[in-house]
A.B. asks: 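This structure is in C-alpha cells; I'll ask about it shortly.
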Amino acid sequence: MSHSDDNDTGERRAATEVVHRGRDPSAQHGFVNPPVYRGSTVLFPTVEELFARRQPYTYGRRSTPTVKALEEAIAAIEGGAVTTLTASGYQAVTTAILAFVESGDHILMVDSVYQPTRAFCDAMLKKLGVETEYYDPLIGQDIARLVRPNTRLIFVESPGSQTMEMQDIPAIAKVAQQKQLWLLMDNTWASPLYFKPFVHGVDVSIQAATKYIVGHADAMLGAITANERAAKYIDRAKETLGTCPGSEETYLGLRGLRTLDVRLERHQKSALEVALWLSARPEVARVMYPALPGDPGHELWQRDFLGATGLFSVVLKTKDAKAVAAMLDGLKLFGMGYSWGGYESLVIPFNPKSYRTATEWPDQGQALRFHIGLDDVRDLLADLEAGFTRLTG
Ligand SMILES: *Cc1c(COP(=O)(O)O)cnc(C)c1O
C-alpha cells in the first residue's frame with residue numbers, strides 16, 4: 001500500500017484511520033493539517049533532473065502533495081492499492097470505465113445505476129463502439145449467462161441509486177474472476193467505511209467524494225481506488241484523459257474525511273429512525289432501505305456491509321402530483337435538490353419507470369428519495385408529519 005504512515009499494523013480501527021491517514025505534521029512545521037498546494041508548474045534544478053523525472057511531483061495536473069495526501073488516505077481506508085482523485089464523482093465513473101474498454105467490447109451495467117452513468121454508456125460508449133447491456137440488480141451469479149466472448153467488465157452499484165436494490169457482490173465477483181472480467185463498483189452509498197469492496201472481489205471502487213467524504217455540500221470531487229492489478233490501467237487513463245481534481249476541493253475532501261466516521265454514525269442512526277417511522281405511516285406503500293429489517297436486501301446488507309448511511313427511498317401510496325407537491329413544497333427542514341451526503345436533509349421525487357430498461361418498476365405511487373442529515377431526528381419527524389397532513393388534506 002502506498003501510504004506515508006509506516007506504523008500501520010493493519011490493526012487500527014476505521015475511526016482512527018480517518019483521523020490519521022494522509023497527514024504528517026512533522027513535515028509541515030507541526031501544523032496538524034497539510035496545506036493546500038496550488039500549482040501548475042513544478043521547477044527542476046537541472047537539465048538532468050528535468051529529463052529524468054525522478055521528482056515526486058512534475059506538474060500540477062499529475063499530482064500535488066495535497067492530492068497525494070487524500071489519495072493515500074482513501075486507498076488505506078477503502079482497502080485498495082492506489083487511489084486516483086478526479087474532479088467529480090461522475091468523472092471518476094467515466095475515467096474508470098474508459099480505462100478498460102475499447103471499440104468492439106461489451107459491458108454489463110446494473111439497471112439501477114446512477115443515471116448519468118447510464119447516459120455516459122448510452123451516448124459516449126455507444127459512439128466509441130462499446131455496447132452496454134443492462135442487467136437486473138438482483139441477478140447474482142446468474143450474470144454468468146450474460147457474459148459474451150467480448151465482455152470486458154461488469155459494473156455494480158449497491159444499493160442501487162434511488163431504488164436501493166442490494167446486489168450480491170461476492171457472487172458477481174466470483175463470475176468476474178472465472179470469466180476474467182474487470183469488476184467495477186460505484187461504492188458511494190456506503191463510503192469507504194461501510195463497504196470494503198476489495199475484500200469482496202471488486203477490482204476498482206468509485207467514490208463520488210462530493211457526497212460523504214466532502215460531507216458539507218461545498219465541493220465536487222471523485223475518487224477511483226484500484227487493486228494492484230487494475231491500478232496501471234487507471235493511471236494510464238488518468239494521464240491520457242487529463243483527469244485532475246481542484247486544489248481547494250481536494251483540501252475540503254481531506255477535511256471532510258476527518259469527521260466521516262462520526263457523521264456517518266449519526267446519519268445511520270437518524271436514517272434508521274426516520275425509515276422505521278415512515279414504514280409505519282398509512283401514506284407510505286413501502287420503504288427501500290437495506291438496513292431496515294424486512295427490506296428485501298436486508299440479509300445481504302447484514303452479511304456484507306459494516307453500516308448504513310443516510311440515504312433511502314420510499315414509495316407513497318398516492319401519485320397525485322398536486323398532493324405530493326403540497327407535501328414537499330412546504331417542508332421546512334428538508335431541502336429539495338440533487339446530490340446528498342452533506343450535513344443537511346434532502347428529499348427528491350423520482351420516477352424509475354422513466355429510465356429502467358432491463359427490469360420493470362412495479363410500483364404505481366410516487367417515489368421519494370430522502371437524505372437524512374444531522375438535524376435532530378424529532379424535528380425531522382415533525383416536519384414530515386406536517387407534510388403528510390398537507391399530502392392528505
Ligand atoms: C452523485 C453520484 C455520482 C456522481 O458524483 P458527482 O460528484 O456528483 O459527479 C456518482 N455515483 C453516485 C452513486 C452518486 O450518487
Side-chain angles (χ1 to χ4, degrees), residues 70 74 78 83-98 109-125 134 137 155-167 169 184-195 197 202 204-225 238 241 243-246 248-250 252-253 256-257 260 264 267 271 288-290 297 305 308-313 335-342 344-348 350 352 355-356 367-373:
L70 182 54
I74 294 176
E78 202 159 22
T83 295
T84 302
L85 294 183
T86 59
S88 69
Y90 183 49
Q91 192 178 48
V93 169
T94 60
T95 303
I97 294 174
L98 286 171
M109 177 60 68
V110 64
D111 205 24
S112 51
V113 77
Y114 177 65
Q115 279 182 71
T117 301
R118 179 184 281 271
F120 170 74
C121 295
D122 295 347
M124 185 62 73
L125 285 189
Y134 293 95
F155 195 104
V156 295
E157 184 182 328
S158 182
S161 268
Q162 300 190 325
T163 46
M164 309 296 294
E165 295 91 339
M166 288 295 297
Q167 294 195 253
I169 307 290
L184 278 57
M185 175 171 193
D186 187 328
N187 192 32
T188 302
W189 182 84
S191 92
L193 288 182
Y194 286 171
F195 183 75
V202 170
V204 176
S205 175
I206 291 150
Q207 289 287 338
T210 306
K211 310 289 167 53
Y212 283 123
I213 292 176
V214 166
H216 295 70
D218 51 5
M220 304 297 300
L221 192 66
I224 309 168
T225 301
K238 166 225 160 90
L241 293 168
T243 308
C244 156
E248 293 293 339
E249 288 76 4
T250 301
L252 291 170
L257 185 73
L260 182 64
L264 288 187
H267 283 296
M288 296 164 283
Y289 187 43
F305 282 58
T309 56
L311 193 76
F312 65 82
S313 298
M336 253 186 296
Y338 296 99
S339 202
W340 47 276
E344 79 287 20
S345 297
L346 297 166
V347 63
I348 202 94
F350 67 95
Y355 53 84
R356 290 255 178 163
L368 304 175
R369 187 186 71 184
F370 286 96
H371 179 252
I372 306 305

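Atoms within a ligand are numbered from 1 in the order they appear, just like the ligands themselves. All values below come from the heavy atoms of this structure, side chains included, with hydrogens, waters and symmetry mates left out.
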A.B. asks: With a distance cut-off below 6.0 Å to the six-membered ring centre and an angular limit of 45° from the axis, does Arg118 pair with Tyr134 as a cation-pi contact?
C.D. replies: yes

A.B. asks: Could you list which atoms of ligand 1 come closer than 4.0 Å to a heavy atom of Met220?
C.D. replies: 6 (P), 7 (O), 8 (O), 9 (O)

A.B. asks: Could you give the distance from OG (Ser161) to CH2 (Trp189), rounded to the nearest 0.5 Å?
C.D. replies: 12.0 Å

A.B. asks: Please identify which atoms of ligand 1 are closer than 4.0 Å to at least one heavy atom of Ala208.
C.D. replies: 2 (C), 3 (C), 4 (C), 5 (O), 10 (C)

A.B. asks: Starting from atom 12 (C) of ligand 1, what is the nearest protein heavy atom, named by residue and atom, and what distance separates them?
C.D. replies: Asp186 OD2, 3.4 Å

A.B. asks: Can a cation-pi geometry be assigned to Lys211 and Tyr114, taking NZ or CZ under 6.0 Å from the six-membered ring centre and within 45° of the ring axis?
C.D. replies: yes

A.B. asks: Any N or O on Thr210 sitting closer than 3.5 Å to an N or O of ligand 1?
C.D. replies: yes

A.B. asks: Please determine whether any non-hydrogen atom of Ser161 lies less than 4.0 Å from an atom of ligand 1.
C.D. replies: yes

A.B. asks: Considering only non-hydrogen protein atoms, determine which one is nearest to atom 2 (C) of ligand 1 and report residue, atom name and distance to 0.1 Å.
C.D. replies: Lys211 NZ, 2.4 Å

A.B. asks: Before signing off on this row, confirm whether Tyr90 and ligand 1 have an N or O atom pair separated by under 3.5 Å.
C.D. replies: yes

A.B. asks: Within ligand 1, which atoms have a heavy atom of Glu157 less than 4.0 Å away?
C.D. replies: 13 (C)

A.B. asks: Could you pull out all residues at least two apart from Leu252 that satisfy side-chain contact (heavy atoms from CB on, under 4.5 Å)?
C.D. replies: Asp218, Ala219

A.B. asks: Anything under 30° is parallel, anything over 60° is perpendicular, the rest tilted; go ahead and classify His371 against Tyr212.
C.D. replies: tilted

A.B. asks: Could an N or O of ligand 1 be found under 3.5 Å from any N or O of Gly89, whether backbone or side chain?
C.D. replies: yes

A.B. asks: Nearest 0.5 Å please: distance from the CD1 atom of Ile224 over to the NZ atom of Lys238.
C.D. replies: 9.0 Å

A.B. asks: Heavy-atom contact under 4.0 Å between Trp189 and ligand 1?
C.D. replies: no

A.B. asks: For the residue pair Glu78 and Asn187, establish whether any side-chain heavy-atom pair is separated by less than 4.5 Å.
C.D. replies: yes

A.B. asks: Using salt bridge (Lys or Arg N to Asp or Glu O under 4.0 Å), reason through Arg356 and Glu165 one step at a time and then give a plain yes or no.
C.D. replies: CA-CA 13 Å; Arg356 290 255 178 163; Glu165 295 91 339; 2.6 Å; yes

A.B. asks: Could you list the atoms of ligand 1 found under 4.0 angstrom from a heavy atom of Trp340?
C.D. replies: 15 (O)

